[in-house]
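Everything below concerns the one structure shown next.
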Amino acid sequence: MMKRTTASSPINLSCSFQSKANGEALSMDGKCTGMLVVSRAVSAQLKATGGSYAGRYIGPSGRVSTLNGARRGDAIELAVTWSRIVNGDRAATMTIRRAGANALRIRTVDKDPTSGKQVVTSEINLQRN
């Protein structure tokens with residue numbers, strides 16, 4: 001699921017990714033399709049150094065955004081810095097959490113510029129085949 005803006009209706013997505021993990025690095029390259037017609041490439045690269053994580057995310061817009069954060073319990077919590085203004089600023093958060101033995105949930109939360117409330121703007125639930 002994704003939202004174009006914090007106020008828009010959610011769009012259901014179907015995504016497929018190829019992922020690689022070795023040591024402290026993770027990369028994911030794939031494609032998400034929404035409304036049965038629109039298909040966009042999505043990718044992320046994340047590397048751990050000590051207790052922190054840094055990397056980049058290329059979302060449906062095709063623009064490169066930066067990721068920085070740390071592990072918090074069973075999740076990696078990342079600050080996202082968008083490459084341009086999105087929902088009134090360039091900041092959001094992304095959480096990557098294990099959702100079972102062979103599954104991950106990637107959730108992005110952004111602040112609604114009108115209400116100031118935190119809104120889930122995307123959630124991708126991945127299941128390993």
Side-chain angles (χ1 to χ4, degrees):
M1 171 294 283
M2 65 140 317
K3 293 178 147 197
R4 292 180 193 262
T5 68
T6 53
S8 66
S9 297
I11 299 169
N12 288 324
L13 302 173
S14 175
C15 300
S16 177
F17 287 92
Q18 294 290 324
S19 63
K20 296 177 190 169
N22 61 349
E24 293 84 29
L26 167 70
S27 67
M28 298 171 51
D29 292 298
K31 179 171 60 169
C32 291
T33 304
M35 298 184 288
L36 301 173
V37 216
V38 180
S39 185
R40 298 280 194 259
V42 177
S43 67
Q45 290 80 40
L46 196 58
K47 185 173 182 174
T49 304
S52 64
Y53 291 80
R56 66 186 202 137
Y57 166 73
I58 302 174
S61 71
R63 298 175 186 259
V64 178
S65 300
T66 60
L67 304 171
N68 288 288
R71 182 173 292 279
R72 305 256 189 269
D74 66 345
I76 299 171
E77 296 197 6
L78 302 163
V80 179
T81 304
W82 301 122
S83 60
R84 60 183 169 94
I85 293 176
V86 176
N87 295 312
D89 61 21
R90 294 182 61 207
T93 59
M94 179 183 290
T95 303
I96 303 171
R97 174 174 276 124
R98 223 182 243 278
N102 293 313
L104 282 178
R105 174 174 295 128
I106 303 170
R107 180 179 286 170
T108 305
V109 176
D110 208 342
K111 184 171 73 173
D112 178 63
T114 304
S115 69
K117 293 182 180 179
Q118 298 294 313
V119 176
V120 176
T121 55
S122 73
E123 182 170 297
I124 300 173
N125 295 293
L126 302 172
Q127 181 73 39
R128 185 181 304 250
N129 291 331

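Everything quoted here is computed from the prediction, not taken from an experiment.
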For this session: Step by step, work out the side-chain contact (heavy atoms from CB on, under 4.5 Å) result for Q127 and N102.
Result: CA-CA 6 Å; Q127 181 73 39; N102 293 313; 3.7 Å; yes

For this session: For the residue pair Q45 and D29, establish whether any side-chain heavy-atom pair is separated by less than 4.5 Å.
Result: yes

With a 3.5 Å cut-off and sequence neighbours excluded, list the donor-acceptor pairs that the side chains of residues 8-15 form with protein atoms.
| unit_1 | atom_1 | unit_2 | atom_2 | d |
| --- | --- | --- | --- | --- |
| S8 | OG | R4 | N | 3.1 |
| S8 | OG | T5 | N | 3.1 |
| S8 | OG | T5 | O | 3.0 |

For this session: Tell me, with the steps shown, if R84 and R90 meet side-chain contact (heavy atoms from CB on, under 4.5 Å).
Result: CA-CA 6 Å; R84 60 183 169 94; R90 294 182 61 207; 5.8 Å; no

Exercise. side-chain contact (heavy atoms from CB on, under 4.5 Å) with Y57: which of V64, L46, V42?
Worked result: V42

Exercise. To the nearest 0.5 Å, what is the distance between OG (S43) and CZ (F17)?
Worked result: 8.5 Å

Seminar exercise, completed: side chain to side chain donor-acceptor pair (under 3.5 Å) pairs touching residues 66-81, sequence neighbours excluded, are Y53-R71, D74-R97

Seminar exercise, completed: Smallest heavy-atom separation, A92 atom then W82 atom, equals CB-NE1, 3.6 Å

Exercise. Considering all heavy atoms of both residues, which atom of S83 and which atom of S65 are nearest to each other, and what is their separation?
Worked result: N-OG, 3.5 Å

Problem set entry | Hydrophobic cluster membership, V86 vs L78, 4.5 Å side-chain cutoff | yes

Result block: side-chain N/O donor-acceptor pairs under 3.5 angstrom for residues 111-125, not counting sequence neighbours:
| unit_1 | atom_1 | unit_2 | atom_2 | d |
| --- | --- | --- | --- | --- |
| D112 | OD1 | T6 | OG1 | 2.5 |
| D112 | OD2 | T114 | N | 3.3 |
| D112 | OD2 | S115 | N | 2.8 |
| D112 | OD2 | S115 | OG | 2.9 |
| S115 | OG | K117 | N | 3.1 |
| T121 | OG1 | T108 | O | 3.3 |
| S122 | OG | T108 | OG1 | 3.1 |
| E123 | OE1 | R107 | NE | 2.7 |
| E123 | OE1 | R107 | NH2 | 2.4 |
| E123 | OE2 | N125 | ND2 | 3.3 |
| N125 | OD1 | R105 | NE | 2.7 |
| N125 | OD1 | R105 | NH2 | 3.4 |

Exercise. Heavy-atom distance under 4.5 Å between the side chains of R40 and K31, does that happen here?
Worked result: no

Exercise. What's the spacing between M28 CE and L104 CG if we round to 0.5 Å?
Worked result: 6.5 Å

